[in-house]
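Atom set for the values below is all heavy atoms of this structure, side chains included, hydrogens, waters and symmetry mates excluded. By convention here, the first residue in the shown sequence is residue 1.
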Amino acid sequence: VHESDFEEVGGEQDGEVSLVIREVAPSLAAWLTAWLDASAAASQVATLHGSMIQMARDSRTRIAAMTREQRAAIGLPATGWEQAVWGGLGLEPDSPDDAA
């Protein structure tokens with residue numbers, strides 16, 4: 001399997017171009033295998049990302065259930081602890097109640 005691309009090879013004044021052809025896979029089967037492997041990897045990344053978000057939401061729920069004293073014991077402020085924990089992560093509340 002090959003792919004092609006036009007690439008400028010001459011100077012700016014003469015405007016010469018050349019067709020560049022390069023091999024991307026030794027066979028169609030090899031190309032399809034690589035394509036499927038890349039698709040599987042993307043799926044695994046999406047699954048991992050979803051798991052990480054779920055773990056963060058579970059942690060947020062556990063921290064929200066703590067008393068102010070318990071949160072203070074682990075170094076969180078009485079107010080604004082959500083920003084201290086989630087600030088910069090971009091994890092939005094599932095519902096308005098989650099932000100409380």
Side-chain angles (χ1 to χ4, degrees):
V1 176
H2 294 82
E3 75 177 7
S4 63
D5 192 8
F6 283 98
E7 183 175 288
E8 189 172 333
V9 293
E12 290 182 16
Q13 295 169 344
D14 56 21
E16 290 181 31
V17 293
S18 161
L19 181 63
V20 175
I21 299 174
R22 69 178 182 96
E23 182 179 288
V24 293
S27 68
L28 180 59
W31 183 86
L32 286 171
T33 299
W35 181 74
L36 287 171
D37 288 346
S39 295
S43 176
Q44 290 171 346
V45 167
T47 300
L48 177 60
H49 184 257
S51 295
M52 291 170 51
I53 289 174
Q54 188 57 51
M55 288 185 340
R57 288 182 173 148
D58 292 346
S59 295
R60 180 180 58 200
T61 300
R62 285 192 298 276
I63 293 170
M66 291 178 173
T67 65
R68 286 180 183 228
E69 293 77 20
Q70 289 170 322
R71 286 194 289 266
I74 61 171
L76 294 174
T79 58
W81 66 266
E82 299 90 343
Q83 183 63 29
V85 173
W86 311 120
L89 289 179
L91 182 63
E92 297 298 325
D94 292 329
S95 69
D97 295 337
D98 290 342

Under the side-chain contact (heavy atoms from CB on, under 4.5 Å) test, residues paired with [X] that sit two or more places apart:
X: Ile74; result: Met66, Leu76
X: Ser27; result: Ala29, Ala30
X: Ser59; result: Arg62, Trp86

Atom of Arg71, atom of Ala64 and distance for their closest heavy-atom approach: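 In terms of heavy atoms, the two residues are closest at NH1-O, 3.3 Å.
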Minimal non-hydrogen separation, Arg60 against Trp81, with atom names: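 Shortest heavy-atom contact: O-CH2, 4.1 Å.
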From CG (Leu32) to OG (Ser39), nearest 0.5 Å: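 That separation rounds to 10.5 Å.
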Atom NE2 of His49 with >12 non-hydrogen neighbours under 6.0 angstrom: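 Counting other residues, nucleotides and ligands, NE2 of His49 stays at 12 neighbours or fewer.
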Which residues share a side-chain hydrogen bond (donor to acceptor under 3.5 Å, both in side chains) with Asp58, sequence neighbours left out: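 Only Gln54 meet the side-chain hydrogen bond (donor to acceptor under 3.5 Å, both in side chains) criterion with Asp58.
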Pairing residues for Glu3 by the side-chain hydrogen bond (donor to acceptor under 3.5 Å, both in side chains) criterion, not counting sequence neighbours: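 Glu3: side-chain hydrogen bond (donor to acceptor under 3.5 Å, both in side chains) contacts with Arg22.
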Leu48: hydrophobic cluster co-members (side-chain, 4.5 Å):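 Result for Leu48 is Met52.
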Main-chain N/O of Arg57 paired with Thr61 side-chain donor or acceptor, under 3.5 Å: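 Yes; at least one donor-acceptor contact below 3.5 Å.
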